[in-house]
Amino acid sequence: MLINARLPLPRKVLLRLRSILLVVMLTVLALPLGGLYFFRIYENELVQQTELELISQAAVLAATFRQAVRDQADGHDYGYVLFTGDLGKAYLSPAREVSPESQDYQPVTPRVDLIAPIDLPRPEARPSIHATDTLAQNVGVRMKRIMQDMQQTTLSGVRLLDMNGTVIAGREEVGLSLAHIAEVKQALKGQYASTIRQRVSDEPPPPLYSISRGTNIRVFAAFPVIEAGRLQGVIYLSRTPTNIIKHLYEVKETVALATLSLLVLAVLLVLFVSSTISRPIRELLRQTERVRNGEQREIAPLQHPVTQEMAQLSDSFVGMSHALAERSDYLRRFATHVSHEFKTPLTSMQGALELLRDHLDSMTVERSGHFINNLLADTQRLKLLVNRLLELARADALEPSKQTSTLTEMLKAVQNRYQERGLALQIPQGLPEYRLAIAPDALESIFSNLFDNSVQHGATSTALTAQVRPQVLEVHVQDNGEGISPANRDKIFTPFFTTKRSNGGTGLGLEIIASLLKAYGGSIRLGESAAGAAFVLELPLDKT
């Protein structure tokens, strides 16, 4: 009897193959997205660094502006008085004592961000409606040289504005007003202001630089000059941020390290995919090749399948190889039994024929008739063996059908047949009427072989009992025949084993029953009995 057993895999937490592919694809997708995100953050840092440089320059120029005002104000405070952001009228009054300890630190931090919308190019300067006072003009003349020297190093655009927003120093626009510009307007209220504006350039940018947003912008910062609560002027600076492509070239060692890190990550991804997909497949292929070459009998389960799909594939290969190996063993044993069963009558027939050929003329009629009867008996046995083998072959190759049956209907159909042969079937009242997932002809063949076996062993009565188990109907069959000796209990399911060979037994009845039950997911085993023979059958219940 062929038993299909599957070797269980160890219970482990396994990933799904689609989960691994999803992680890999998301990682591959994240690489360029991460590069763009890094590119944008890095570019924004360069812009904020540019604003920080403008703040530092403006702070120094504001301190120089205040000192120049002190040198020319003759002990008076100069500038508009600030009241919560509003400008007072007076701009020249007696100086007040201001203690250095009373002045709080007021650091200015960068405020621009490339994420925010970029303003239009800076508006053109307009004619000023306010006359520039002499003190402011003198301060502008004094600081002009300082601003020119600074520009040669910092490359920043600088405009020095008086308290009304009129340019008093710079390369261009001296005497014109910038008070209408948003950031200047805010600085005239005593508040630092900065913005990013579109850059106007006469030269087209290089093609490679066009991927950078920072090449077409300019940072503007308006820094108020305040002394003792009075607005004295505004430092208005501008500069184009460092181009990110050029800056990355300057730090090419760091860029090379980042590129190497990405390559290492790509290699790790390849190794990860190889270890989770390729390695288990290669291991299965190696084992399959060894089985084909006869170096290995069965495929062993994968030790580390990693994914659920690979574990299922390994389990399927293991089950298939185990079934094939078991089938091969079954066929080898079966061929041995068949050859033995056929050899005995064939040998007897050969001996009888040789005797008839050599001594037929000298034999008496009774003796020759005896040999002819033996030949007919052996021929009949061979015919019976062939029929039973065909029946077993059909049982082994049976494809389960969708038909169902009931135990009561089948027993009532065969009851009269076996009663005529001297076997009474004791069917208890109230036998479960459950539908069985077995075709009626298969169910009848199973019990017919079982009842035939009882008849061959001298039984006159067979009792049946049944009870429902999970998903199966368990049927106990007990006859009052000769029973099975303890020495033969382990042999009765061996093909061709029979103690009634002289009565036409072939030893294939139980094998046919087991094959039919196996095809439908049932089973048969030997039961315990003090007298006669007892068998326990598990018949699958219909789930519909």
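Along the sequence shown, the residues carry numbers beginning at 1.
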Chemist: Sequence neighbours left out, what passes ring pair (Phe, Tyr, Trp, His ring centres under 6.0 Å) with Tyr418? Give chain and number order.
Modeler: Phe451
Chemist: Write down the atom of Ala534, the atom of Glu528, and the distance for their closest heavy-atom approach.
Modeler: CB-O, 3.9 Å
Chemist: Answer yes or no: is there a donor N or O on one side and an acceptor on the other, between the side chain of Glu51 and the main chain of Val112, under 3.5 Å?
Modeler: yes
Chemist: Ion pair present between Arg469 and Glu538, side-chain N to carboxylate O less than 4.0 angstrom?
Modeler: no
Chemist: Can you name the side chain to side chain contact (heavy atoms under 4.5 Å, CB included) partners of Asp441, sequence neighbours left out?
Modeler: Ala439
Chemist: Quick one: does Glu53's side chain have a donor or acceptor within less than 3.5 Å of a partner on Thr154's backbone?
Modeler: no
Chemist: Please enumerate all residues that pass side chain to side chain donor-acceptor pair (under 3.5 Å) together with Glu474, with sequence neighbours excluded.
Modeler: Gln467, His476
Chemist: Please check this pair: side chain of Gln403 against backbone of Pro440, looking for a donor-acceptor N/O pair closer than 3.5 Å.
Modeler: no
Chemist: Any donor and acceptor pair, going by atom type alone, linking the side chain of Asn293 with main-chain N or O of Glu289 inside 3.5 Å?
Modeler: yes
Chemist: Which atom names give the shortest non-hydrogen contact between Thr379 and Met349, and what distance separates them?
Modeler: OG1-CE, 3.6 Å
Chemist: Supply the atom-to-atom distance Ile438 CD1 to Ser445 OG, rounded to the nearest 0.5 angstrom.
Modeler: 11.0 Å
Chemist: How about Arg218 and Thr240: does a side-chain donor come under 3.5 Å of a side-chain acceptor?
Modeler: yes
Chemist: State, with a plain yes or no, whether a side-chain heavy atom of Gln426 is found less than 4.5 Å away from one of Ser461.
Modeler: yes
Chemist: Quick one, Val475 and Leu473 - any side-chain contact, counting heavy atoms below 4.5 Å?
Modeler: yes
Chemist: Could you list all the salt bridge (charged side-chain N to carboxylate O under 4.0 Å, His left out) pairs where at least one residue sits in residues 404-428, not counting sequence neighbours?
Modeler: Arg417-Glu444, Arg421-Asp452
Chemist: According to salt bridge (charged side-chain N to carboxylate O under 4.0 Å, His left out), who are the partners of Arg435, at least two apart in sequence or on a separate chain?
Modeler: none
Chemist: Is there side-chain contact between Gln419 and Leu423, with at least one heavy-atom pair below 4.5 Å?
Modeler: no
Chemist: Between Met363 and Leu355, is a side chain to side chain contact (heavy atoms under 4.5 Å, CB included) present by the stated rule, with each step listed?
Modeler: CA-CA 10 Å; Met363 281 187 183; Leu355 287 173; 4.1 Å; yes
Chemist: Please give me the minimum heavy-atom distance between Leu302 and Pro280, naming the atom from each residue.
Modeler: CD1-CB, 3.7 Å
Chemist: Any side-chain heavy atom of Leu517 sitting closer than 4.5 Å to one from Leu539?
Modeler: yes
Chemist: Could I get the full list of side chain to side chain contact (heavy atoms under 4.5 Å, CB included) partners for Arg286, not counting sequence neighbours?
Modeler: Arg282, Glu283, Arg290
Chemist: Run the side chain to side chain contact (heavy atoms under 4.5 Å, CB included) test on Asp113 and Asn44 for me, step by step, so that the C-alpha distance in whole Å, both residues' side-chain angles and the decisive distance to 0.1 Å come before the verdict.
Modeler: CA-CA 6 Å; Asp113 198 325; Asn44 196 58; 3.2 Å; yes
Chemist: Considering residues at least two apart in sequence or located in another chain, which fulfil the salt bridge (charged side-chain N to carboxylate O under 4.0 Å, His left out) criterion with Glu354?
Modeler: none
Chemist: Atom CD1 in Ile512, atom CD1 in Ile446: separation rounded to 0.5 Å?
Modeler: 11.0 Å
Chemist: Would you say the side-chain atoms of Asn453 pair up with the backbone N or O of Asn449, donor to acceptor, closer than 3.5 Å?
Modeler: no
Chemist: Measure the spacing between CG of Leu464 and CD of Gln478 and express it to the nearest 0.5 Å.
Modeler: 10.5 Å
Chemist: Are the side chains of Gln471 and Leu541 in contact, using a 4.5 Å heavy-atom criterion?
Modeler: no
Chemist: Quick check for you: to the nearest 0.5 Å, what is the distance between Ser454 atom OG and Leu425 atom CG?
Modeler: 9.0 Å
Chemist: Under a 4.5 Å cut-off applied to non-hydrogen side-chain atoms, are Phe447 and Val477 in contact?
Modeler: yes
Chemist: Check the pair Leu257, Glu253 against side chain to side chain contact (heavy atoms under 4.5 Å, CB included), reporting the backbone distance first and the verdict last.
Modeler: CA-CA 6 Å; Leu257 180 60; Glu253 292 82 5; over 6 Å; no
Chemist: Not counting sequence neighbours, which residues clear side chain to side chain donor-acceptor pair (under 3.5 Å) with Thr460? List them please.
Modeler: Asn480
Chemist: Heavy atoms only: give me the nearest Ala533-Asp479 pair and the separation to one decimal.
Modeler: N-OD1, 2.8 Å
Chemist: Verify the distance criterion only: is there a donor paired with an acceptor across the side chains of Thr195 and Asp119 at less than 3.5 Å?
Modeler: yes
Chemist: Run the side chain to side chain donor-acceptor pair (under 3.5 Å) test against Arg111 and tell me which residues pass, sequence neighbours left out.
Modeler: none
Chemist: Report the distance from atom OG of Ser515 to atom OH of Tyr520, rounding to the nearest 0.5 Å.
Modeler: 13.0 Å
Chemist: Mind checking side chain to side chain contact (heavy atoms under 4.5 Å, CB included) for Ile372 and listing every partner two or more places apart, or none if nothing turns up?
Modeler: Leu356, Leu376
Chemist: Do the side chains of Ile196 and Val47 get nearer than 4.5 Å, heavy atoms only?
Modeler: yes
Chemist: Starting at OG of Ser529, measure out to CD1 of Ile484 and round the result to the nearest 0.5 Å.
Modeler: 8.5 Å
Chemist: Can you give me the closest heavy-atom contact between Pro301 and Ser314, atom names plus distance?
Modeler: CA-OG, 3.6 Å
Chemist: Which atoms form the tightest heavy-atom contact between Tyr434 and Thr406, and what is the distance?
Modeler: O-CG2, 3.9 Å
Chemist: Has Ser321 got a side-chain atom pairing as donor or acceptor with Val318's backbone, closer than 3.5 angstrom?
Modeler: yes
Chemist: So, using side chain to side chain donor-acceptor pair (under 3.5 Å) as the criterion, who are the partners of Thr462 when residues are at least two apart?
Modeler: none
Chemist: With sequence neighbours left out, what residues match Ser261 under side chain to side chain contact (heavy atoms under 4.5 Å, CB included)?
Modeler: none
Chemist: Kindly indicate whether the side chain of Thr288, heavy atoms from C-beta on, has any atom under 4.5 Å from the side chain of Arg292.
Modeler: no
Chemist: Go through the side-chain N and O atoms of His322 and Glu298 and say whether any donor and acceptor fall under 3.5 Å apart.
Modeler: yes
